[in-house]
Amino acid sequence: MDEFLALICPNSPFVWDGERFSDCFEDIVLVFAVNIVTVVMIVVLGFNQKIGRGFRLSDSQMTLPEKFVLNLIPAVGACLSIVDLIFLWKKDHNSHFVGYHKWFNSCSELILWINIILFTKCASSHYIVFNRGLCFWWILKAILAVFYLMTKFSSLKVSVCIMESLVVLLNISFSIAINVIRIKIPSFKSSLLEDPLLSNGVDLEEGGYNDLGNNGNFWDLMTFKFITPVMNHGVIKQLDPEDLLPLPTDIGPSSCHDVILSCWQAQLSNNDSNPSLFRALCSAYGWPYLCLGLLKVINDCIGFAGPLLLNKLIQFLQQGSVNLDGYLLALSLGLTSIIKSFLDTQYTFHLSKLKLKLRSSIMTLIYEKCLRVNLAERSKFTNGEIQTFMSVDADRTVNLCNSFHDMWSLPLQIGVALYLLYTQVKFAFVSGLAITILLIPVNKWISQLIARATEQMMKEKDERIRRTGELLTYIRTLKMYGWELLFSSWLMDTRSLEVKHLATRKYLDAWCVFFWATTPTLFSLFTFGLFALMGHELDAAMVFTCLALFNTLISPLNSFPWVINGLIDAIISSRRLSRFLSCPERKFKVGDTNSSPSSFLSKQPDSVQGLGVFIQDACCTWSSSEEQALNLVLNHVTLSVSQGSFVAVIGEVGSGKSSLLYSILGEMQLARGSVYSNESIAYVPQVPWILSGTVRDNILFGKSYDPERYTDTLQACALDVDVSMMVRGDMAYIGEKGVNLSGGQRARLALARAMYHDSDVVMLDDVLSAVDVQVAQRILHNAILGPLMQRKTRLLCTHNIQAISSADMIVVMDKGRIKWMGNSADFPISSYTEFSPLNEIDSALHNHRQSCSTNLSSKSKEQSLPNSDIVHVLEGAEEIVEVELRKEGKVELGVYKSYAVFTGWFMTVIICLSAILMQASRNGNDLWLSFWVDTTTESSQTRYSVSFYLAILCLFCIMNSLFTLVRAFSFAFGGLQAATKVHNKLLNKLVNAPVQFFDQTPGGRILNRLSSDLYTIDDSLPFIMNILLANFVGLLGITIILCYVQVFFLLLLLPFWYIYSRLQFFYRSTSRELRRLDSVSRSPIYTSFTETLDGSSTIRAFKAEDFFFAKFIEHITLYQKTSYTEIVASLWLSLRLQLLGAFIVSFIAVMAVVGSHGSLPINFGTPGLVGLALSYAAPIVSLLGSFLSSFTETEKEMVSVERALQYMDIPQEEQTGCLYLSPDWPNQGVIEFQSVTLKYMPSLPAALCNLSFRIVGGTQVGIIGRTGAGKSSVLNALFRLTPICTGSITIDGVDIKNIPVRELRTHLAIVPQSPFLFEGSLSIHPLHFVIAVTHRLPLLQLPLRLLERLPLGEAHRQV
C-alpha cells in the first residue's frame, strides 16, 4: 500500500504535509474521488432495470435556453478537460514533473463530461440527469469544488488558476441548471418526499421563463432587456397601467392565493391548537427558496475571488515581471466582476419574484379571512389592528425572505473573509476577531430591546390607525360638535407613545450602526498593529489584500443588525397574522347546533319543514369563542317564522332587535341552542352600507343585470325620480360611505339592493326611520308588501305603526328576550306606547293639535308642494370622488427642502458634516497605511518607529469612530424630528379641512397617507437616506483617491460620468412614474379593505364573498404588475452599473500593469499607492450600483413626503372671525335666513335656492320634506359646514359668518342623522360628553331644538 501511495504521490506525503492537507490528498479526495462517484451514479442510474417506472421529459417541457445550457455546459467541460490534458502532456514532455494525481484529475473530469454527454442522448436521459439524488450530489460536488479552489488558489500560477476557476464555474453552472430545471418542470413532482414541498404551486422560475421566454431570448432575460419598451414610454410620457409588463402566471394573485390557502388549511388541520403562518409559507415556497440559497452561496463565494486576484496582481507588480500574467490577472478581475454582476442580479430578481408571491398570498389570505370570520370572532381585534395587518405586518412578513438567507449568508461571508485574513497575517487577525466577538452579546442585548420596542410601537400604531379611522369616518359629526380638536388631541397622545417607542428603536439602531460600522476600522488597527508588533514587516500585497477583505466585511457587518431587526419584525408580524388567521369561521347551516345540551334540530329534522327561520332556545353573545365570561345579548330565544310571512320586530332601544337579526346571519357566537335558515338571505343594516361606485353597482352587488326587475325595484323603493334627476342617472358615482347621498337615499338604495337579489329571507333593520312619512308609506306598500317581496319571508325591525299593523306576526323584544309574540290582531297598540310614546304618524297629528305659535316667513309657498318640487337632486356632487392625482417628472427640489426643514437645518448640516469627516478619516487611515508600507520597503532613512505608525493609525481610528457615532445619532434624531413634524402638520391640516374635502376624498387615500406613507417617513426614508449619504461620501472619497494615484483615471472620468448620467436619467424617469403608480395602485387596496371591514356582515348575508374577493384580486393584480415592473427596471439599472464598474476595475488594473513595465512617461507612484488604488477600484462595482439604487430608492421614498405635502396644501376652514361670543349666547334663539343660496359644487344646481325664513326664539320647529329636499342642507348652512353662495344667516341678530366657525359650533347642539359611537368602554362616553358639552348646558334650557330626522319619541330621550 505504501508503495502504491508513493507511486501516486512521489514528492509529497499522501495526507498531511505538516501545515495542511497535502496537494496529492486534496487532488485525490476532492476531485478524483468525487468525479468517480458521480460517474458511478450516472452509470448505475443508466443501467438500472427500474427505470421503466420513470418518465421521459418531452422537449416541449423545456425552453430553448434550457436545452442550450444543458448541452453546452458538458461540451465546454469536455473541451476544457482535453485542453488540460494537453497542457499536462506538454509540461511532461518538457521534462517537468507531473504527479499521477494530476493525470487522474484531468482524466476523471473528461470521463465525467463524456458520460453526461452520452447519457443525455439516451431515451431515459432526463430520468438520469434530473434524478433527485444526483441533483443533490451535484450541489455537494459544486461546494467541494469551490473549497478545493480556495485551498489551491494561493499556490497556483495565473494560467492554472484561471483554468481551475473555469472548471469549478462549469460544475457550479451545471449544478444550478439541473436543479432549476428539475424544480421548474411539474413532471418531476412525483415522489412523496417532494409532494409537500412542490405540489402546492408553480416554482418561482416558471412564470418568468414561460411568460417572458415567448417574447425574448435567453440574453434578454439575463440582461432584463424586455423592460426597455416600458422605460422608453417612461421617458416620453406618464406611465399608465397598460404600459406595465405583463404579470407572470405564477405571480398572479389567484394562483398565489390557491397555494397559500391549501397550505394554511393543512396547518389548521394538523396544528389546530397552534397553527403557524410561517410553517404554511415554508410549505408553499420553501423549496424554491432553498434553491435560491444555493445561488446565494455561489454568489458569495465568487465575491472573494476579487481580493485573491488582487493579492496575486500586487505580488506581480512588486516583482516587476514583464510576462503576460499581469494582464491575465487584470482581465480576470474584470471578468470576476462581470460574472458576479449576472449572478447577483439573477438572485435578486428571483428572490423579488418570490417576495411578490408571498405578499400577494398574505394580503389575499387576510382579505378572505375578513370576508369569512363573523363579527363576534373579529371582536378580539380592532379595525385599526386589522388594517395594520394589511398595511404593515404583511410587508414585514415578506421581508423574512431577505432576513432568513442573510442570517446564514452574512456569517458565512464573515467566516471566509476571516480565513483569508489568516492566510495573510496569520494569527494577528485574532485581535480584530476578538473585537467582533465582544460585540456579539452587546448586539444581541440591543436586538432584544429593539424587539420589545417594536412590539410596543406596533400596538400603539394599531391604536393610532384605529383612532385615525374613527376621526375620518365621523369627521362631519365631530365638526358639528366642535370635537375635532379633542379627538385629534387623543390621536396625538397615541402618536406620542408610538414616537416614544420609535425613538427607543431608532437610538438602539444607531448604537448597532456605530458598533458595526466602526468594526472594520478597529479590525484594521488591531490586526496590523499586532502583526507589526509581532515583528513582521508590512508589504503592499498583504496590506491591500487585507484592506479589500475589510471592505468585503463592511457590507455584512453593517447589514447584520438590520437583518436581525428585520427577522425580529417578521417573526412578530407572522405571529400576529397567525393569531388573526386562526380565528374560527362560524356559519350556521341546516342541522347545525352548538355543543350545548340542546340537539333539537338533529332529533326532529321534520319540524323545520316550511319554516323560513327557526330559532330554538338560542343564547347568543358578542364575545369571541376564546373569552370565558359570556355577556349574553340574546337569552333563551325561541322563534319560528313561516316561509312567506311578514314579521315585525319591535322593542325599546337596546332590547336586542338588531342582535336577533345578527344571530340569524351567524354573526354572533351561539352559546346555546340552535339557529336555522336554509334559504338565501338579503339584509339591510340599521346604518346602510354603501359602496364606492355607481348606483347600479350598489344595487346589483355582483348580480347580473335584469332591466325589468331593476326598473321595478327602483320604482318600488321610490328611487326612480331621484335617479332620473342625477347627471348620469344610475351610473352616477357615489362617494365612500355614500357621502353624497342623504340618509334616506342611502336607506332606499340598500333596500333596493335587498329587493333586487330576490332572496327567500329579507331582513330589514329599521329601514323606515331614515325616510319621511310619505316615502315610508310608499316603501311599505310598494316594496315590503309589494309584489316583488310578497312571497318572501320578511323580518322588519321598526317603530312604524303602519308596518306593525300590517305584519303577519309581531315579536316584542325586551332585554334580549322575546317578551310577546303573536299576530297583529291580538297586539294592543296601547302597549306599544310603553316603550315608544310617540310614533311618527301620531306625533304629526299631535303636533297638528298643538297650538304652537311658530312664526315662519318664507318666500316659498306655504301650500303643499307638488312631487316635482319635493324631490331634489343629490345634495352633493354626483362625481364627488376625484381621481387621485400623481405628479409627473422628478421629485421637485422643494420636497427635499421641505424634508430638510422638518428635520431642522442645523441637524441637516451636522449630519452631512459628520458623514464627510467620517469618510475623510477613513481615507486618511488607508493613506497612512500606504505611507507606512512605502517607508518600510524603501530606504531606512525615512523609516519611523512602529509605535509612531500605530499612534497615527490609532488617531485616525478614534476620529472615524467619533464621527460615525455623531452621524448615527444625528440621523436618528433628525429622522424622528421629521416624522413627528410631518404627522403633526398633516393631522392639523386634515382636522381643519372643510367637510367637502372629506366628501371628495375616499378615507382609504387619507388613511394611506397616515399609515403606509407615514410608516415610510418614520422608518424607511431615514434608513435609505443614511445609506445614500454613506454611499455618496464613500464614492467621493474613492474618486479623489483614484484621481490622486492614477492620473489616467481622469481621462476615464468624463466619459464615465456621461454614461453614468445617461443611465440614471433613463432609469429615474421611469422609476419615479412607477413609484407614483405604485402608491396610486396601493390606495384602492386599502379603500376596498376598509369598506369590506365595515360591510362584512352585509357581504356575508348576500353570500357575495366571491364577488368582493374577485374585485380585491383585481386591485392586487395591478399592484403586483406595478411592483414587478419596478423590480425589473431596478435590476436593469443595477446590472449595467455593475458592468460599468467592472470595466473601471479592468482599466485601472491594466494601467497599473502597463505602468509597472515603465513604458509610460508618467509614474504611477509607489507600490503602496498602486495597491491602494487597486483595493479602492474593487468595491467601486458595488458602490456605484448601491449609490444610484439608494438615490433612486430615496427618490421613491420621497414620494411619500410628496404625497404628505399634497395634503398639507388642502383648503382650510375659515377659523378667523371678528366677533367673540359671551358664554350664554344665544340667549334668545332667533334664527333668520335671508336669501340663502347654497351649492355643494359650482357646477351643480343649488341645494338651497334663495331661501328665507325666520324662527322666533322659544319655538319648536320641525323641518320636513321628502328625501333630498334640502333638510340636511339647512343644517349644513347653519353650522357652516358648507359655505353659502349668497345671503346671510343670523342668530340673535349676529351674522354667523363673523363668528369663528369652531366657536359657533360649540354654542350649538345637534343630534346627527348618522349615530356616532367611538370605540372604548361605556364609562368613557359620559365622561367625554361632560368634558365636551358642559359649556353647552345653558343652551339646553332653550326651547329651540335642532333635530335632524329623529322620531320625536327618541327625541324626548336624547334632548
Side-chain angles (χ1 to χ4, degrees), residues 30-31 34 38 65-66 69-70 72-74 76-77 80 134-153 161-184 203-205 218 221-222 287-309 332-333 335-354 401-402 404-417 419-420 552 555-556 559 1131 1134-1135 1138-1139 1142 1178 1181-1182:
L30 295 181
V31 181
V34 172
T38 309
E66 291 166 353
V69 170
L70 205 59
L72 176 66
I73 294 177
V76 173
L80 280 178
L134 189 60
C135 285
F136 277 110
W137 174 254
W138 269 105
I139 295 174
L140 181 60
K141 185 178 185 299
I143 295 174
L144 291 174
V146 172
F147 179 73
Y148 170 78
L149 181 63
M150 291 172 57
T151 59
K152 291 287 187 180
F153 203 86
C161 281
I162 295 174
M163 179 67 70
E164 293 291 342
S165 300
L166 289 175
V167 172
V168 171
L169 183 61
L170 283 175
N171 279 274
I172 293 172
S173 302
F174 192 73
S175 172
I176 295 174
I178 62 173
N179 278 279
V180 167
I181 296 173
R182 185 178 193 281
I183 63 175
K184 173 184 176 295
D203 183 66
L204 87 157
E205 306 292 335
F218 180 75
L221 298 175
M222 293 296 295
W287 179 250
Y289 186 66
L290 291 178
C291 291
L292 281 176
L294 173 63
L295 183 60
K296 184 167 181 61
V297 170
I298 297 169
N299 186 35
D300 292 342
C301 292
I302 291 179
F304 288 102
L308 297 177
L309 288 170
S332 297
L333 270 174
L335 182 62
T336 304
S337 299
I338 291 172
I339 294 173
K340 191 176 188 309
S341 299
F342 281 104
L343 288 177
D344 189 46
T345 51
Q346 286 300 311
Y347 169 77
T348 305
F349 174 60
H350 294 301
L351 182 67
S352 299
K353 286 176 64 179
L354 189 60
C401 288
N402 297 91
F404 188 77
H405 271 328
D406 288 340
M407 278 298 294
W408 60 261
S409 173
L410 297 182
L412 174 66
Q413 295 178 48
I414 294 171
V416 173
Y419 171 76
L420 295 177
T552 60
S555 178
S559 301
L1131 292 173
S1134 177
L1135 178 64
Q1138 291 187 54
L1139 294 177
V1181 178
S1182 59

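If you read the sequence from its start, that first residue is 1, and numbering goes on from there.
Few gaps surround CZ on F342; more than 12 heavy atoms of other groups in view lie less than 6.0 Å from it.
Between A1142 and I338, the shortest heavy-atom contact is CB-CG1, 3.8 Å. Between L221 and Q346, the shortest heavy-atom distance links the atoms O-NE2, 3.5 Å.
For the atom pair I73 CD1 and I172 CD1, the distance stands at 11.0 Å (nearest 0.5 Å). For the atom pair L412 CG and F304 CZ, the distance stands at 7.0 Å (nearest 0.5 Å). Rounding to the nearest 0.5 angstrom, the gap separating the OG atom in S341 from the CG atom in N299 is 9.0 Å. To the nearest 0.5 angstrom, L333 atom CG is 5.0 Å from L309 atom CG. Taken to the nearest 0.5 Å, the CG atom of L1135 stands 9.5 Å off from the CG atom of D344. Atom CG of residue L420 and atom CG of residue L308 lie 5.0 Å apart, to the nearest 0.5 angstrom.
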Exercise. Determine, stepwise, if the pair T345 / Q1138 fulfils side-chain contact (heavy atoms from CB on, under 4.5 Å).
Key: CA-CA 10 Å; T345 51; Q1138 291 187 54; 4.1 Å; yes

Quiz item: Could you go step by step and tell me if V297 and W408 meet the side-chain contact (heavy atoms from CB on, under 4.5 Å) rule?
Solution: CA-CA 10 Å; V297 170; W408 60 261; 3.3 Å; yes

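Remark: D406 engages no residue in a side chain to side chain donor-acceptor pair (under 3.5 Å) (not counting sequence neighbours). With sequence neighbours excluded, the residues that form a side chain to side chain contact (heavy atoms under 4.5 Å, CB included) with Y347 are L292, L295, K296, L351, H405. A search for side chain to side chain donor-acceptor pair (under 3.5 Å) contacts involving S352 returns nothing, not counting sequence neighbours. V76 meets the side chain to side chain contact (heavy atoms under 4.5 Å, CB included) test with L72, L80, L170; sequence neighbours excluded. In this structure L335 satisfies the side chain to side chain contact (heavy atoms under 4.5 Å, CB included) test together with I339, sequence neighbours excluded.
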